[in-house]
Trainee: 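Have a look at the structure that comes next, please.
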Amino acid sequence: MGLFDIFRKKKNETVEQESASESTEILSESESNSDASEDEQSTAVSENTSAVTQPMMEQVGLVNEDEAKIWQEALDKQKISTPQLTETTEQQIYDAGLKKSRTGFADRFNRFLANFRSVDENFFEDLEETLVGADVGFDMAIKISDELREEVKLKNAKRKEDVRDVIIKKMVDLYEADGINEDATMNFAPKGQTTVILFVGVNGVGKTTTIGKLASKYQKAGKSVLLAAADTFRAGATKQLQEWGERAHVPVVAGKEKADPASVVFAAVEKARDENYDVLFVDTAGRLQNNVNLMQELEKMKRIIQREIPEAPHEVLLVLDATTGQNALQQAKLFKNSSDVSGIVLTKMDGTAKGGIVFAIRNEMHLPVKWIGFGEKASDLREFKPEEFVYGLFKELVES
């Protein structure tokens, strides 16, 4: 089953659940009305006995069986049911976190469709402009437009709703095709060995915060975690990571301010290996004097890590701020060319209407998004799930 088919299945299931819920409410209201006469009878019986004598009679047992039964039924009807709290599902988290992006997509597509008259050259120009504005990237916008030229005609899409569905299906199909053989799972060392995960990215994208959240997750999952504060150039970076370490009850290896980052990495790798830590997270600088210096520093760190643990680092995660849209894509290109990036962490997704950047990253970079952030709490950093993402982004646009 393709990704778009899964999307439609989810959509249908949601509609059925909503319909069932409405039916239940109507039935409950009907049952409530039918019980009204019984309530009146119970009230009449209770009025015949004073409010003072009822409790006394109950206490001393001065009631007969019929009266006791009537009182019990009346009491049962007066009980207020407490709503059952259900655990928030992954889909609900994605729905809430993608609200701004979903609204932004809907607004753009609705404006585009409002001007729809026929499938002509103006239609495709407007479509490309709409897609670029939704941050799916120029290359993907052109690819979607080119592939739709024949498909819209083949499907004989004339209604606005039909055209919209064809466009979104094509977007989802291309997104899925670009992700073939993509591994979005985390790569770990064999059991008994230390997994080293290097975090890269420019300052301000949420690198240190992401490390803290993941440290908390893995520590709660029963893994022994160690952090390395190798961002020694940014004032406060080490302190920030140490605060996250305290929250997660995870130790942090740190050096002096302005110390050689590679020396911190060396000390952390030695400690992790010698003391059998399961996971070592390495925070890195996001800005040195220039990009060349930054990339050279990252290469130096990797050499030191591999000298001690040849298979490491097992992951190089690039942290990107989703609110920056196409700037995030440019950062991905810069780091991929120099750092052997194995996966993406998208932060601040709940605060942006630029969710289309996920399509651009996969289409142009062929890098898997492995984690996505929807808020400030550690629990708001979630494993990236394409099905939930696509549904959360488009669910209000496509008819069931």
Trainee: Report the residue from Asp278, Leu280, Asn276 that forms a side chain to side chain contact (heavy atoms under 4.5 Å, CB included) with Ser224.
Mentor: Asp278
Trainee: Any side-chain to backbone donor/acceptor pair from Lys217 onto Leu381? Under 3.5 Å, distance only.
Mentor: yes
Trainee: Cation-pi between Lys223 and Phe188: NZ/CZ under 6.0 Å from ring centre and within 45° of the ring axis?
Mentor: yes
Trainee: Same cluster or not: Trp244 versus Val253, using hydrophobic residues (I, L, V, M, F, W, Y) connected whenever any side-chain heavy atoms lie under 4.5 Å apart?
Mentor: no
Trainee: Does Phe389 have its ring centroid less than 6.0 Å away from the ring centroid of Phe384?
Mentor: yes
Trainee: How far apart are the closest heavy atoms of Thr89 and Gln92, and which atoms are they?
Mentor: N-OE1, 2.9 Å
Trainee: Hey, quick one: are Val132 and Ile357 part of the same hydrophobic cluster, counting side-chain heavy atoms closer than 4.5 Å, chains of contacts allowed?
Mentor: no
Trainee: Please determine whether residues Val205 and Leu298 belong to a single hydrophobic cluster, defined as Ile, Leu, Val, Met, Phe, Trp and Tyr linked transitively by side-chain heavy-atom distances below 4.5 Å.
Mentor: yes
Trainee: With a 3.5 Å cut-off and sequence neighbours excluded, list the donor-acceptor pairs that the side chains of residues 321-328 form with protein atoms.
Mentor:
unit_1	atom_1	unit_2	atom_2	d
Asp321	OD1	Thr323	N	2.9
Asp321	OD1	Thr323	OG1	2.6
Asp321	OD2	Thr323	OG1	3.1
Asp321	OD2	Lys348	NZ	3.2
Thr324	OG1	Asp321	O	2.7
Thr324	OG1	Ala328	N	3.4
Gln326	NE2	Asp135	O	3.4

Trainee: Atom CG in Leu198, atom CG in Leu317: separation rounded to 0.5 Å?
Mentor: 8.5 Å
Trainee: With rounding to the nearest 0.5 angstrom, report the CG to NZ distance, Leu318 to Lys207.
Mentor: 9.5 Å
Trainee: Roughly how far, to the nearest 0.5 Å, is CG of Leu367 from CG of Leu320?
Mentor: 9.0 Å
Trainee: Which distance, rounded to the nearest 0.5 Å, do you find between the CE of Met171 and the OH of Tyr175?
Mentor: 11.0 Å
Trainee: Side-chain donor-acceptor pair under 3.5 Å between Arg234 and Thr208, yes or no?
Mentor: yes
Trainee: Is Thr210 reaching over with its side chain to a backbone N or O of Gly206, donor-acceptor style, under 3.5 angstrom?
Mentor: yes
Trainee: Using 4.0 Å as the upper bound for N to carboxylate O, is an ion pair formed by Lys99 and Asp350?
Mentor: no
Trainee: Hey, what's the ring geometry for Phe105 with Phe109, parallel, tilted or perpendicular (30° and 60° as the breaks)?
Mentor: parallel
Trainee: Rounded to the nearest 0.5 Å, what separation is found between the NZ atom of Lys213 and the CD atom of Glu376?
Mentor: 5.5 Å
Trainee: Give a yes or no on whether the backbone of Met365 and the side-chain of Lys336 come within a donor-acceptor separation of less than 3.5 Å.
Mentor: yes
